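Input: a single structure, listed below in structure tokens.
What you see is a predicted model, and the numbers here were worked out from it, not measured in a lab. Letters A, B, ... are given to chains in the order of the sequence lines, protein chains preceding strands, and every chain is numbered from 1. Scope of the values below: all heavy atoms of this structure, side chains included, with no hydrogens, waters or symmetry mates.
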Amino acid sequence: MFKSLPEQAQKVSVTIEDRTVQVPAHWSVAAAVLVQDMDSTRDSPVTGAPRAPYCLMGVCFECLTEIDGEPNQQACLRQVREGMVIKRQCGARRVLS
Amino acid sequence: MSADCDLVVIGAGPAGMAASVTAVELGLSVVLLDEQRAPGGQIYRDVEAPGLARPAVLGPDYDRGKALAAALRSTKLEYLPDTSVWQLSRDLEIGLHRDGRARFIKARKVIVAAGAMERPMPIPGWTLPGVMTAGAGQVLLKSAGIIPTGPVVLAGSGPLLLLLAWQYLRAGLKVDALLDTTPLGNYFSAAPMLPKALTAPGYIIKGLKLLVELRMSGIRMLSGISRLTAMGHERLGSIEFVRGSRTEVIPTKLLMLHQGVVPNTHIAVAAGCEQDWDTTQLCWKTRCDEWGATSVQGLFVAGDGAGIMGALASEHTGRLAALGVAYTLGKLGGAELQRRAAPEHSARLEQLRARPFLDTLYRPAEDFRLPADDTLLCRCEEVTAGEVRLAVGLGCAGPNQAKSYTRCGMGPCQGRVCGGMVSELIARERRMPVGEAGFYRVRPPLKPITLEQLANAATD
Amino acid sequence: MNTEFDIGVVGGGLVGVAAAQGMVGVGRRVVLFDEGDVAFRASRGNFGLVWVQGKGVDFPSYADWTRSSAELWPAFARELEAETGVRLGYSRPGGLELCMHDADYAAREAKLARLSKATEGRFEYEMLDGRALRERLPDVSTKVAGASYCPHDGHVNPLFLLRALHQSFVQRGGRYLPDHGVSAVRARHSGFEVRAGGRDWRCGRVLLAAGLGNIQLAPMLGLTLPLRPNRGQVLVTERVRPFLHLPTVQLRQTVEGSLLIGDSHEDVGFDEATVGQVMSGIARHAVTAFPMLKDLRLARAWGALRIMTSDGYPVYQESKDCPGAFVTGCHSGVTLAAVHAQRLGSWVNGNTLPEISAFSTERFNV
């Protein structure tokens, strides 16, 4: 669905849904996830409906993702980091993550 | 709690940057808070990043942000990026969140320059993965140099939609279709305002150049779209649109919607600032005077948050707010205030000359502003417009009662996305002016800090 | 007087609408006056407990009145859900009140023993020391000394309760008038004139259930009612998969999954703001008692004004100067909703209700 324009960029290694990829270090987590061409990035906790990022500016809260074990992080406001583990947010979180 | 500084500015877009720099020039101690990692707001997002390809793709207007950011960097103030504001109280106590910690600071004065957000476009299927805003497309382009692999359809109304299509073109991507939902009648209503708009520096000419290039590129551009539906099972697969008497389906995995931007009033509303419904721009905006002073003592607004005005006018209102604040703190006298403010006032008015034309031309049709019964109005809590209409039928007097009856507005976004729509929908159902229908009450915490962070905030 | 309605109820909160719903169910013309969208509305700030334990320790009538409502609640909830299709999220697993320190625990034990004695054992409870408490609720911190458990306690979604009552009221033929804040009530020959929405409405009888609005309205009908606002702030977390099966007085998990965390008791006048420093204290208390909640994120918070009489107990009073005019107020509109719906109609129609005679305003004239 998305691809990167050719640019020089320092890369970091992140894991997205158990797949390890190299992404530019200055990318947001949302950008990194969108380039993976996943069908959806979370399941709504209300009905389980599949959702994906919508506004990318921190307003809509659709991009909620599990980052390094922390549930419901706004992926558009977080920058990738070497070794980051990113997972879909599947419905409501557990009390202990 | 005694004040930590003279002025806290919330938002590092053009208004916030200009306000901060001017305030420091006038001798104020300033703290600038911004949620993003670097200055620029949305319009100049990541403008400081070096990315080679981007200036050529994004166009010359984007460069203005570089100058503003450079001025900010060489100014002595406390700039806190990656910082969320989760509280702004009436007495100007600010709850902020940074580096996993929440704490309070107190300001003598505050300027809220929180900018604008995309107007929602609640077509059936708008919550399907693969449906995003045109603004989101621009964020990906500006901050990450990312473009769609195609196919992609752009749909909606407004200059930003055309700009995105043009930027994609320069990046080597021809969108599959550009569907314009601008009501054809708007061209007639807007025509009388064109002469004045032509006196605004460059707007109309730039827009026309853009249109010409797009037309010449061979991109399929269709106007007068009256219906639009996003379809798919668990993700977007195709879109269906109606144009005149014809219906057509286009397969696509990516749909970018846009029908203008509206002020991001969330923080100002939470602080208790009175709001007005602008019947031309069809949005809530914070009531303020020529300096940006709101109904809350010591609280000013600047930029798009006070009414959509564009990036250049935003700068001028930022400086005017800084001047207003400095004056109330006794840093300059009345005569100097007027002397410094005069050029900002006239520059602002000059920039605003195109607004009546743009606002009238790109005024979205009601069918695209208010969802159909079966379509979700509150994305977070999955409440349909029909459920809210039913609640009004049960006697809900306004958005807050509708919220308590249906849960609309109770999700993570706290009504940022659905708020304007709920006000308009209730006004429509109750046959009253939107200004009287009211809007959601918003209260801190405005951002999802954790219990532990909140627990420690008071003692830190 | 030619009345348009048999009964006019002033106030569309939980007390007013429960009473109105019960009255219109037995075939009377009832009108319910309500303010607009932005009003104090204590009912929108309710925590949602259907709570018995600890109430009326030194006022047995209140303990009994509360208990009778709690016993009516399960059938009340079932019927209301069946009638309206609104899911109330009501359950009655019993409830806990935590005691942080040994001294609190001892005091609580003494208090509940007194209550049990005063109600001749009708009130049941169980004291749980630290070990027993953690057997029921493993997540409770070891810093908590113990708790009292009461099998009569439960919880519900108070907003859906309010909605369901309103829907039922209208379905049963009641007339609901939002945006009709009442500015005056006048007693007339065999009836009352209620001024709202720019005109006078003629009602045979009137029930003032306007919460803090009663402060202004009650004197118009020869009633005195010492009421004060008392602010409570509540935090709401993101949705969490179900894990907390027992509600406590300051923490419960809703059917949707969010945790509601309270609360404060602030004497701040008519100010519903949420205040960061107070919310911080509520959060600190919650994390101390339940450490595993520390990483839960807040979705929102609210502040609301309780209707507080000087002794904290409800008021039910018919006006002596203006017979046929009644006033009521309490801060437990959820718990008492069932008994209000079932019994207040009879009282307003002129029948004595011995269970509420202790709640007359005369107790304030000392």
Side-chain angles (χ1 to χ4, degrees), chain B residues 1 86-91 93-95 102-104 270 272 380-381 390-407 409-415 426 430 432 436-460, chain C residues 12 32 34-39 41 43-44 86 157-160 162-164 166-167 169-171 176-180 233 235-239 256 258-259 261 271-288 290-291 293-303:
Chain B
M1 194 186 187
W86 58 268
Q87 171 184 284
L88 175 58
S89 71
R90 266 197 112 83
D91 55 356
E93 183 189 65
I94 294 155
R103 63 188 175 96
F104 294 102
C380 294
E381 291 290 317
L390 193 74
V392 175
L394 280 177
C396 273
N400 294 288
Q401 246 182 316
K403 180 191 213 177
S404 74
Y405 274 21
T406 66
R407 293 190 61 85
M410 282 194 182
C413 96
Q414 301 182 336
I426 291 177
R430 298 195 69 207
M432 66 198 307
E436 276 174 43
F439 49 90
Y440 289 143
R441 287 181 77 167
V442 176
R443 288 186 276 197
L446 304 177
K447 279 276 168 164
I449 59 176
T450 69
L451 274 172
E452 185 175 42
Q453 287 162 357
L454 177 59
N456 294 333
T459 54
D460 275 356
Chain C
L32 180 62
D34 206 3
E35 290 186 281
D37 193 48
V38 180
R41 299 191 176 281
S43 294
R44 288 216 289 245
V86 174
N157 184 322
L159 297 176
F160 285 171
L162 185 67
R163 181 202 165 128
H166 271 273
Q167 198 173 314
F169 173 69
V170 168
Q171 270 170 216
Y176 174 59
L177 294 175
D179 280 329
H180 275 67
Q233 297 186 42
L235 309 177
V236 186
T237 71
E238 57 189 340
R239 291 176 188 235
E256 294 82 30
S258 309
L259 266 76
I261 305 172
D271 182 359
E272 291 182 295
T274 47
V275 172
Q277 311 279 354
V278 173
M279 293 197 291
S280 182
I282 294 171
R284 205 172 316 126
H285 193 259
V287 171
T288 305
F290 291 92
L293 301 182
K294 66 184 178 68
D295 293 325
L296 293 188
R297 289 137 43 98
L298 290 163
R300 64 185 188 281
W302 73 69

What's the shortest heavy-atom distance between [X] and [Y], and which atoms?
{"X": "B:Y405", "Y": "C:F160", "value": "O-CE2, 3.5 Å"}
{"X": "B:Q87", "Y": "C:G276", "value": "OE1-N, 2.8 Å"}
{"X": "C:A299", "Y": "B:Q414", "value": "O-NE2, 2.8 Å"}
{"X": "C:R297", "Y": "B:P448", "value": "CG-O, 3.4 Å"}

Do you know which of [options] has the most heavy-atom pairs with chain B at a distance under 4.5 angstrom?
{"options": "C:L177, C:T274, C:L293, C:V86", "answer": "C:T274"}
{"options": "C:H285, C:K294, C:E272", "answer": "C:K294"}
{"options": "C:R163, C:Q167, C:H166", "answer": "C:R163"}

Structural part of [X] lying under 4.5 Å from a heavy atom of chain B:
{"X": "C:R300", "value": "both"}
{"X": "C:Q171", "value": "neither"}
{"X": "C:E238", "value": "neither"}
{"X": "C:I261", "value": "side chain"}
{"X": "C:V275", "value": "backbone"}

Non-hydrogen side-chain atoms of [X] and [Y] separated by less than 4.5 Å:
{"X": "C:R41", "Y": "B:Q401", "value": "yes"}
{"X": "B:L451", "Y": "C:L235", "value": "yes"}
{"X": "B:L454", "Y": "C:M279", "value": "yes"}
{"X": "C:E256", "Y": "B:R407", "value": "yes"}

> What part of B:L390 lies closer than 4.5 angstrom to a heavy atom of chain C: side chain, backbone, both or neither?
Replying inline: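 The side chain, not the backbone.
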Name the member of [options] that forms the most heavy-atom pairs with chain C at distances under 4.5 Å.
{"options": "B:R430, B:K447, B:K403", "result": "B:R430"}
{"options": "B:L394, B:L446, B:V442", "result": "B:L394"}
{"options": "B:P412, B:G411, B:S89, B:P399", "result": "B:P399"}
{"options": "B:P445, B:G395, B:P444", "result": "B:P444"}

>> C:P178: which residues meet the side chain to side chain contact (heavy atoms under 4.5 Å, CB included) condition with it, sequence neighbours left out?
In response: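 If we apply the side chain to side chain contact (heavy atoms under 4.5 Å, CB included) test to C:P178, skipping adjacent residues, the hits are B:A397, C:Y176.
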Looking only at atom types and distance, does a side-chain atom of [X] sit under 3.5 Å from a main-chain N or O of [Y], one as donor and one as acceptor?
{"X": "C:R44", "Y": "B:S404", "answer": "no"}
{"X": "B:N400", "Y": "C:D37", "answer": "no"}
{"X": "B:T450", "Y": "C:L296", "answer": "no"}

> Going through the distances and angles, do C:D271 and B:R90 end up as a side chain to side chain contact (heavy atoms under 4.5 Å, CB included)?
Replying inline: CA-CA 12 Å; C:D271 182 359; B:R90 266 197 112 83; over 6 Å; no
> What's the verdict on side chain to side chain contact (heavy atoms under 4.5 Å, CB included) for C:D179 and B:E436, showing C-alpha distance, side-chain angles and the deciding distance?
Replying inline: CA-CA 11 Å; C:D179 280 329; B:E436 276 174 43; over 6 Å; no
